[in-house]
**Student:** 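My questions all concern the structure below.
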Amino acid sequence: MNQPRYPAIEKSGLRVPAIIVLTLSLIFLQEGFTYYASFQVLALATIAILIFSTIHSMKGEIHFFVAFLAFTFSLAITAVVSPPVIAQNSSNIFLSVIGILGYAVMIGCIPHLKLKRVGLTLHVLKSVSLANIFVLAGLLILSESNLVSFLTRAALLEQNTRLIDNYSDADALSADQALRLLIDQTERIDLFYGEPSFLAIVLFTCLGCFMLTSKLLAYASYRNGYAVLKSGFKSYELVILIGVMSLLYIQSFSSIIYALIVIYFVFVKGKITRARFWTSILFLIVFTIAFLAFSYEYLLHRITQADSLSMIQRFGFLLDLGIENLLVGIKDASLLPNGGIHNGLFYIIAISGIGGILYIASLFYSAYTSSTPIKLSMFLVLLLLAIMMQNGGVFSPNKVVLFSLILLPLACARKVYSMQLSPSINNRRYE
């Protein structure tokens, strides 16, 4: 039996207020009085405080600086030639560009940070992600029970009119409810996020954060890393299964895809040993039952649906673009869809062309290389891609918060891996 070779990262000194504030902010991420007087900004401020309280320096990677310079240059050209491509309703395109670059720097720099108290950071993020998985699962159950009047599907749908980043007109909501009554169809499940897909991406991100922080903490504590995490293995998979079943119950096309991705990387990929094989089989049986009960009919409907508004909004306008638009960005605002770009990945390419492609590639490269030792590389690339593509608002406080839940643990990874490579630091504390 493998014994811990290095001192485990201690849990003492956890910043309970940060955990509570960040957990609540993630649950109410779309709520607020205004765009900036909101929970998304509170969550971003909490993460900033966590970073600045533990930061030591930043290890700059040449690929990031080259990519960001190319992105900035391409974005500036688009701002001069066709500012509506960047922001159709902006009264000051210069401030819009500065805001985009600011958020882009935040996202791109996080994986390159060198932190002093990686144990504290990892434990805080693990606690926050774990809490959100359970709270959101509990809210789904509570909203379906109709025990609390303001936590029913209908009541939660009505609160969409006050969301700061997903505004819905009250008359449109009333018309939608009337139509659903007419065709005997219930309201979609979105809790406090305005749309099921946003609820799904928050859950997916929390699952990814929980998986990442759990494996990094185990890797830091044991000789062979996360592979010998035996005592907590079943509880770890149980948490994952709760999150996956919640994703299936949401019944959006994206939530089903996210659930399938998690199931593959947690319960299918690399399950060779007999003990884990049979555990995985058991969980796969539970997943299959849940999938057939909750999401099979909806997935079949979406796959066979001839015209999907969601798919058209997110991917349709690409059919009208040529290769030059992908290389230099869109310089003709008439090519934009009437409702705007509903896909953050394509928005980045639309405003900056090859500069945006380099920026995306740099971010994915950092995530891939940082997570290779714990065998989560492709999973994290798919997760970052999902966060980016969830809607068009990729450079916004709520997206920076979601990116941070994945990229901040990766900033801790360099020091965690050094614990396995440098026996001379065995006796140092990482809190």
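Numbers here simply count residues along the sequence, with the first being 1.
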**Student:** Do the non-hydrogen side-chain atoms of Tyr219 and Pro373 ever get within less than 4.5 Å of each other?
**Tutor:** yes

**Student:** Does Tyr368 have more than 12 heavy atoms from other residues, nucleotides or ligands lying within 6.0 Å of its OH?
**Tutor:** no

**Student:** Once rounded to the nearest 0.5 Å, what's the spacing between atom CZ of Phe192 and atom CG of Leu139?
**Tutor:**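 If we round to the nearest 0.5 Å, Phe192:CZ and Leu139:CG are 6.0 Å apart.
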
**Student:** If I take atom CG from residue Leu380 and atom CG from residue Leu385, how far apart are they, to the nearest 0.5 angstrom?
**Tutor:**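 With rounding to 0.5 Å, CG (Leu380) is 12.5 Å from CG (Leu385).
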
**Student:** Measure the shortest side-chain to side-chain distance between Asn92 and Ser96 over non-hydrogen atoms and say whether it is less than 4.5 angstrom.
**Tutor:**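 Asn92 vs Ser96: side chains apart.
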
**Student:** If I compare all heavy atoms of Gly208 with all of Leu383, which pair ends up nearest, and what's the gap?
**Tutor:** CA-CD2, 3.7 Å

**Student:** Indicate yes or no: at least one non-hydrogen side-chain atom of Ile240 is less than 4.5 angstrom from one of Phe210.
**Tutor:**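 Side chain of Ile240 against side chain of Phe210, heavy atoms only: contact under 4.5 Å found.
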
**Student:** Do Leu26 and Val135 have side chains that approach each other closer than 4.5 Å (heavy atoms only, starting at C-beta)?
**Tutor:** no

**Student:** Taking C-beta and beyond as the side chain, do Ile406 and Cys209 meet within less than 4.5 Å on heavy atoms?
**Tutor:** yes

**Student:** Does Ser74 reach the main-chain N or O of Phe71 with its side chain, forming a donor-acceptor pair under 3.5 Å?
**Tutor:** no

**Student:** So, Ser377 side chain and Thr372 main chain: donor-acceptor pair closer than 3.5 Å or not?
**Tutor:** yes

**Student:** With a cut-off of 3.5 Å and sequence neighbours excluded, list every side-chain donor-acceptor pair involving residues 105-115.
**Tutor:**
none

**Student:** Looking at every non-hydrogen atom in both residues, tell me the closest pair between Leu191 and Ser143 and how far apart they are.
**Tutor:**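 Shortest heavy-atom contact: CD2-OG, 4.1 Å.
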
**Student:** What is the minimum heavy-atom distance between Leu410 and Ala367, and which atoms define it?
**Tutor:**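 That would be CD1-CA, 3.6 Å.
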
**Student:** Could you grab the distance from atom OH of Tyr417 to atom OG of Ser370, nearest 0.5 Å is fine?
**Tutor:**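 Separation between the atoms: 6.5 Å.
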
**Student:** Begin with the C-alpha distance, continue with both residues' side-chain angles, and end with the deciding distance and a verdict on side-chain contact (heavy atoms from CB on, under 4.5 Å) for Ile47 and Val400.
**Tutor:** CA-CA 10 Å; Ile47 288 174; Val400 177; over 6 Å; no

**Student:** Flag the pair Leu50 / Thr46 as yes when at least one side-chain heavy-atom distance between them is below 4.5 Å, and no otherwise.
**Tutor:** no

**Student:** Is there a side-chain contact between Lys399 and Tyr103, using heavy atoms and a 4.5 Å cut-off?
**Tutor:** no

**Student:** Looking only at heavy atoms, which two atoms of Ile374 and Lys215 are closest? And how far apart?
**Tutor:** O-CD, 4.0 Å

**Student:** Taking side chain as C-beta onward, heavy atoms only, is Gln390 less than 4.5 Å from Glu195?
**Tutor:**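 Yes. Closest side-chain heavy atoms under 4.5 Å.
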
**Student:** Just say parallel, tilted or perpendicular for the rings of Tyr193 and Phe198, cut-offs at 30° and 60°.
**Tutor:**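 Aromatic pair Tyr193/Phe198 classed parallel.
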
**Student:** Kindly say whether Ser82 contributes a backbone atom to a donor-acceptor pair with the side chain of Lys331 at under 3.5 angstrom?
**Tutor:** no

**Student:** Using the side-chain contact (heavy atoms from CB on, under 4.5 Å) definition, which of the options Leu405, Leu125, Leu408 pairs with Thr213?
**Tutor:** Leu125

**Student:** I'd like to know if the side chain of Gln40 and the backbone of Tyr35 have a donor-acceptor N/O pair within less than 3.5 Å.
**Tutor:** yes

**Student:** Quick check for you: to the nearest 0.5 Å, what is the distance between Ser197 atom OG and Ile257 atom CD1?
**Tutor:** 13.0 Å

**Student:** Verify, without hydrogens or angle tests, whether Thr369 (side chain) and Ser366 (backbone) share a donor-acceptor contact under 3.5 angstrom.
**Tutor:** yes

**Student:** Nearest 0.5 Å, please: how far is CZ in Phe265 from CG in Leu382?
**Tutor:**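 If I round to the nearest 0.5 Å, the distance is 5.5 Å.
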
**Student:** Shortest non-hydrogen contact from Val266 to Glu237?
**Tutor:**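 Of all heavy-atom pairs spanning Val266 and Glu237, the closest is O-OE2, 3.9 Å.
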
**Student:** Whether the side chain of Thr23 engages the backbone of Ile19 through a donor-acceptor N/O pair (distance < 3.5 Å, no angle test) should be reported.
**Tutor:** yes

**Student:** For the atom pair CG (Leu363) and CZ (Phe68), what is the distance rounded to the nearest 0.5 Å?
**Tutor:**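 Rounded to the nearest 0.5 Å, the CG-CZ separation comes out at 12.5 Å.
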
**Student:** Aromatic contact between Tyr365 and Phe64, with the criterion being ring centroids under 6.0 Å apart: yes or no?
**Tutor:** no

**Student:** Closer than 3.5 angstrom, by distance alone: can the side chain of Tyr359 be matched with the main-chain N or O of Ala104 as a donor-acceptor pair?
**Tutor:** yes

